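Working notes for the structure below.
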Amino acid sequence: MAKRPDSKIAALSEFALIARYFTRACNERQGVGDDCALIDVGAQTLAITTDMLLEGVHFFTQADPQALGHKALAVNLSDLAAAGARPRCFVLGIAIPRPDEEWLAAFSRGLFALAEQHRCALVGGDTSRSTPVEMVNGGRTWISITALGEVDRASARGRSGAQPGDDIWVSGRLGEAALALAIRRGQRQLPSPDREACLRRMDWPQPRVGLGLALAGLASAAIDISDGLVGDLGHVLERSGVGARVTWPTVPRAGFFEQLDVATQQQLVLAGGDDYELLFTAPVSRRAAIGALATEQLALTRIGQIEAAPGLRVVDGSGALIEATLHSFDHFVSGP
Ligand code: ADP
Ligand code: MG
């Protein structure tokens with residue numbers, strides 16, 4: 001049988017694929033398309049999210065298993081934070097090529113340290129041997145976590161509440177995890193200790209759970225930045241039916257980005273994934289209350305404004321449009 005032309009397969013992006021094949025109407029408060037599903041149960045709302053980490057796709061074979069245990073849960077708690085939910089419990093699916101006890105001990109140490117910090121108990125899961133080692137070079141480890149959180153009905157939020165005139169805020173700093181990936185791939189260099197700081201951002205993301213809870217009643221919409229600012233803000237704009245203007249010089253980044261040319265800085269900071277900061281929108285009247293939530297450890301920065309005209313406009317300090325082609329991560333378009 002003739003093979004289908006590759007171009008036809010490559011044309012389908014991750015999000016087009018989800019929209020076409022996995023999105024159907026449902027009666028729940030929030031189904032496919034947001035950071036969490038929102039299920040009303042009595043007076044409470046249950047927030048549910050799932051994320052997987054796949055060896056060779058999301059992490060290198062040599063990755064520190066303790067960091068991996070941390071990150072597998074952190075990326076899920078980050079989605080709960082976006083929805084404004086308090087972590088309650090999680091289930092773990094794991095497939096490994098062999099029962100390596102040293103690896104398992106370190107993995108579970110990293111996993112439970114974060115779970116205990118957020119009082120989020122592991123309540124079930126599934127374990128399997130993955131593709132036998134002799135069939136795949138080195139085997140393939142696959143980790144999938146589904147996390148559940150609780151939120152008051154009135155405080156639950158998603159990507160769809162942004163209104164024209166709202167401020168756009170971002171927590172922390174962006175771009176370091178993407179720079180770390182470039183360092184690991186040998187494409188960029190950075191002197192110590194900035195190098196280690198960047199690698200830590202990639203390996204040990206800190207889910208902004210406390211901030212997510214504190215934004216109840218303040219943020220009109222939120223998303224966690226997992227695939228890059230441009231793409232993730234794009235999801236908020238699309239689902240809210242609005243547009244936005246983002247001022248590039250205000251987007252928070254570490255001082256050492258100055259050493260890179262501007263195009264590289266913009267690619268890493270505006271489109272680099274894996275930061276797990278929160279991006280949220282809020283009415284101008286909430287500026288002071290949100291500003292008061294910033295701490296020495298976690299800055300909160302206004303980077304632009306929601307506008308009625310659809311589309312995202314990134315401008316420089318003088319207001320001129322930046323004509324950069326920025327692509328956030330897409331599993332099928334970006335490729336490995
Ligand atoms: P996040 O980055 O917050 O984990 P994604 O952007 O990866 O979310 O996913 C977009 C939306 O598509 C989410 O609501 C997610 O639950 C949903 N989704 C992704 N894959 C599937 C699938 N196979 N079946 C149903 N829903 C899916
Ligand atoms: Mg998310």
Side-chain angles (χ1 to χ4, degrees), residues 12-39 45-54 57-59 71-87 90-93 118 142-149 151 156-162 168-172 174 177-178 202 205-209 211-213 215 219 221-240 271-281 312 327-336:
L12 195 58
S13 76
E14 177 184 344
F15 298 105
L17 180 161
I18 295 168
R20 193 174 303 167
Y21 295 106
F22 299 126
T23 306
R24 297 287 183 273
C26 77
N27 289 326
E28 302 301 344
R29 172 147 161 208
Q30 174 69 68
V32 171
D34 223 291
D35 290 285
C36 292
L38 297 175
I39 314 294
T45 296
L46 205 55
I48 306 176
T49 182
T50 192
D51 261 309
M52 57 182 159
L53 294 185
L54 192 60
V57 177
H58 300 96
F59 62 92
K71 188 165 180 174
L73 182 58
V75 299
N76 280 279
L77 298 189
S78 179
D79 280 327
L80 293 183
R86 183 180 299 284
F90 69 104
V91 293
L92 167 69
H118 292 282
W142 176 92
I143 302 149
S144 171
I145 285 182
T146 300
L148 286 79
V151 56
R157 60 168 176 262
R159 300 173 175 178
S160 61
I168 304 170
W169 294 78
V170 73
S171 66
L174 301 182
M202 181 186 175
Q206 299 300 317
R208 306 306 187 190
V209 172
L211 174 64
L213 290 168
L215 288 173
I223 188 168
D224 67 322
I225 304 182
S226 53
D227 296 336
L229 171 68
V230 165
D232 288 326
L233 175 55
H235 293 312
V236 171
L237 302 183
E238 201 175 299
R239 289 182 68 81
S240 299
D274 249 11
D275 283 316
Y276 298 100
E277 293 296 347
L278 289 188
L279 180 140
F280 56 97
T281 61
L312 172 59
H327 298 290
S328 286
F329 188 77
D330 180 301
H331 271 285
F332 300 104
V333 176
S334 307

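This one's a predicted model, so the numbers in the text were calculated from it and none came from an experiment. For the single chain, residues carry numbers from 1 onward in sequence order. As the structure lists them, so they are numbered: ligands from 1, and atoms in each ligand from 1.
For Arg239, the salt bridge (charged side-chain N to carboxylate O under 4.0 Å, His left out) test picks out Asp34, with sequence neighbours left out.
Short contacts between ligand 1 and Phe15, defined as distances under 4.0 Å to a heavy atom of the residue, involve ligand atoms 6 (O). The distance from ligand 1 to the heavy atoms of Asp35 drops below 4.0 Å at these ligand atoms: 3 (O). Residue Ser226 approaches ligand 1 through these ligand atoms, each under 4.0 Å from one of its heavy atoms: 2 (O).
With Asp35 as reference, Arg159 is the one residue of His235, Gln30, Arg159 to meet the side-chain hydrogen bond (donor to acceptor under 3.5 Å, both in side chains) rule. Partner Ile223 forms a side chain to side chain contact (heavy atoms under 4.5 Å, CB included) with one of Thr281, Leu229, Leu279, Asp79 and no other, that one being Leu279.
The residue Gln30 has no part lying near ligand 1, judged by heavy-atom distances below 4.0 Å. Only the backbone of Asp34 comes within contact range of ligand 1, with a heavy atom under 4.0 Å; no side-chain atom does. By the criterion of a heavy-atom distance under 4.0 Å, both the backbone and the side chain of Val32 are placed next to ligand 1.
Ligand 1 lies nowhere less than 4.0 angstrom from a heavy atom belonging to Tyr21. The shortest separation from a heavy atom of Arg159 to ligand 1 is under 4.0 Å, placing the residue in contact.
Residues Asp275 and Arg208 are not paired through a salt bridge, judged by the lack of any N-O separation under 4.0 Å between the basic side chain and the carboxylate.
Here the protein contributes Asp35 OD1, Asp79 OD1, Asp224 OD1 as N, O or S atoms under 2.8 Å from the Mg ion (ligand 2).
A 4.5 Å side-chain heavy-atom check between Leu73 and Phe90 finds at least one atom pair inside the cut-off.
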